[in-house]
Structures are given as C-alpha cells and as structure tokens.
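Take a look at the structure below.
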Amino acid sequence: QVQLVESGGGLVQAGGSLRLSCEASGRTFINSAMGWFRQAPGKDREFVAIINWIGANLIYADSVKGRFTISRNNPKNTMYLQMNSLKPEDTAVYYCARKSDRAAYYTRDETDFDSWGQGTQVTVSS
C-alpha cells in the first residue's frame, strides 16, 4: 500500500503557472505507474496524465496536452504536475493516484488506480 499527499494547489490568474507535488510513502511507489486526475464542481473526476515507473510513457488528456507536464523523482518518492498557461476551466480538485499493477500502462480509467491522495484545490481566475 502507498500513502499519497498532494500539495501545491492555490489561486492563480489565467495564464499563470502552478506546480503540484504528490509525495508518497511506502515501498511500492518506485515500482508503480502514477497518475493525476481532477474533479471540477458538479463534474465527474477526469484523467489528466499518467507516467510509468521510470518516468516514461507519458500520456496526457487532450485538454492539457502542451500545457501540463508530468514527472517524477523516485529517490524523493515524489511525482509532479507542472501546469502552465492555466485556464479557468482547469479549476478543480487535483488528485494523484497509483495505478494498479494489473491495469494497462495506458489506462485512463480511475477504477484502475488503487491508492489516492486527498486532493489539492486549484482555482484559476479569469
């Protein structure tokens, strides 16, 4: 089991940047693919990005491609989401999650993720 804690959220103007962090505890982080999801008010949680255990096979939702970058630092047990050119529609609670070992590396399905953080709020003002 891995425990996940997100940080780095906040209020930013449109066009600005934020970097989210996801700190993991437990021995499974280094061997696990990890992902970011987000949930806006009144909407379902949606996939944002996924990264495999060595920091390759990066996959992004179309809505964030070219603006967001997912990365990880295994010695620090931390994953990141660099968010640039933020838009008001990026406003959401952002969650990090660990992909289940049984799921395909390219999955975007939240049911394929078995550990979740508590979330961090990102608000983008227009």
Side-chain angles (χ1 to χ4, degrees):
Q1 190 75 3
V2 61
Q3 290 76 47
L4 304 172
V5 178
E6 302 95 336
S7 62
L11 173 64
V12 64
Q13 289 188 330
S17 299
L18 282 174
R19 188 175 82 155
L20 305 184
S21 298
C22 172
E23 186 170 352
S25 59
R27 292 180 293 178
T28 58
F29 173 81
I30 194 170
N31 296 319
S32 302
M34 300 290 296
W36 286 98
F37 288 77
R38 66 186 182 185
Q39 186 167 23
K43 295 187 176 181
D44 293 334
R45 188 155 56 185
E46 65 174 3
F47 168 82
V48 175
I50 189 171
I51 186 170
N52 77 354
W53 70 280
I54 57 171
N57 289 338
L58 312 181
I59 300 173
Y60 297 93
D62 288 344
S63 58
V64 307
K65 201 173 296 183
R67 300 187 298 122
F68 289 12
T69 302
I70 188 172
S71 63
R72 66 191 295 164
N73 185 328
N74 285 345
K76 292 187 176 181
N77 272 11
T78 304
M79 177 179 67
Y80 305 97
L81 185 68
Q82 177 67 43
M83 305 186 296
N84 299 329
S85 302
L86 282 161
K87 305 175 181 180
E89 50 264 43
D90 294 319
T91 295
V93 177
Y94 283 71
Y95 299 90
C96 65
R98 174 194 175 276
K99 185 187 74 65
S100 168
D101 295 335
R102 60 170 174 78
Y105 75 90
Y106 50 79
T107 184
R108 303 177 183 219
D109 186 345
E110 64 175 322
T111 63
D112 286 333
F113 291 77
D114 57 12
S115 296
W116 293 82
Q118 83 291 347
T120 185
Q121 176 71 47
V122 171
T123 303
V124 184
S125 63
S126 56

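Along the sequence shown, residues carry numbers from 1.
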Exercise. How long is the span from the CD1 atom in I50 to the CG atom in N57, to the nearest 0.5 Å?
Worked result: 9.0 Å
Exercise. How close do A97 and L4 get, heavy atom to heavy atom, and via which atoms?
Worked result: CA-CD1, 3.7 Å
For this session: Kindly work out whether a path of hydrophobic side-chain contacts (I/L/V/M/F/W/Y, heavy atoms less than 4.5 Å apart) joins L58 to V64.
Result: yes
Exercise. Side-chain donor-acceptor pair under 3.5 Å between T111 and D109, yes or no?
Worked result: yes
Exercise. Does the side chain of K87 come within less than 4.5 Å of V124's, by heavy atoms?
Worked result: no
Problem set entry | Flag side-chain contact, heavy atom, 4.5 Å: L81 against V48 | yes
Exercise. How many angstroms lie between CZ in F29 and CD in E23, if you round to the nearest 0.5 Å?
Worked result: 9.5 Å
Exercise. Would you say T91's side chain and P88's backbone share a donor-acceptor pair under 3.5 angstrom?
Worked result: yes
Tabulate below the donor-acceptor pairs under 3.5 Å that side-chain atoms of residues 8-22 make, not counting sequence neighbours, or state none.
unit_1 : atom_1 : unit_2 : atom_2 : d
S17    : OG     : N84    : OD1    : 2.9

Exercise. So, do T107 and F113 sit near enough that their side-chain heavy atoms are less than 4.5 Å apart?
Worked result: yes
Exercise. Hey, is the main chain of T28 close enough, under 3.5 Å, to the side chain of N31 for a donor-acceptor pair?
Worked result: no
Problem set entry | Nearest heavy atoms of V2 and A24, plus distance in Å | CG2-CB, 3.7 Å
Exercise. Looking at D112 and K99, does any basic side-chain N land under 4.0 Å from a carboxylate oxygen?
Worked result: no
For this session: Answer yes or no: is there a side-chain heavy-atom contact under 4.5 Å between Q118 and Y95?
Result: no
Exercise. Quick one: does T78's side chain have a donor or acceptor within less than 3.5 Å of a partner on K76's backbone?
Worked result: yes
Problem set entry | D90 side chain near F68 side chain, heavy-atom distance below 4.5 Å | yes
Seminar exercise, completed: For D44, the salt bridge (charged side-chain N to carboxylate O under 4.0 Å, His left out) test, sequence neighbours excluded, returns none
Exercise. Taking atom OG of S125 and atom CG of L86, what is their separation to the nearest 0.5 Å?
Worked result: 10.0 Å
Exercise. Relative to F47, does R38 satisfy both conditions: NZ or CZ under 6.0 angstrom from the six-membered ring centre, and within 45 degrees of the ring's axis?
Worked result: no
For this session: Ignoring hydrogens and angles, state whether a donor on the side chain of S25 or Q3 is under 3.5 Å from an acceptor on the partner side chain.
Result: yes
For this session: Could you pull out all residues at least two apart from E110 that satisfy salt bridge (charged side-chain N to carboxylate O under 4.0 Å, His left out)?
Result: R45
Exercise. Which distance, rounded to the nearest 0.5 Å, do you find between the CD1 of I30 and the CH2 of W53?
Worked result: 7.5 Å
Exercise. How long is the gap from CG on D114 to OG on S32, to the nearest 0.5 Å?
Worked result: 7.5 Å
Exercise. Could you state the interatomic distance from CE (M79) to CG (N73), rounded to the nearest 0.5 Å?
Worked result: 12.5 Å
For this session: Answer yes if the side chains of S85 and R67 hold a donor-acceptor pair under 3.5 Å, and no otherwise.
Result: no
Seminar exercise, completed: In Q39, E6, M83, the residue satisfying side chain to side chain contact (heavy atoms under 4.5 Å, CB included) with Y94 is M83
Exercise. So I59 and R108, side chain to side chain contact (heavy atoms under 4.5 Å, CB included) or not? Walk me through it.
Worked result: CA-CA 9 Å; I59 300 173; R108 303 177 183 219; 3.3 Å; yes
Exercise. How about W116 and F37: are their ring centres within less than 6.0 Å of each other?
Worked result: yes
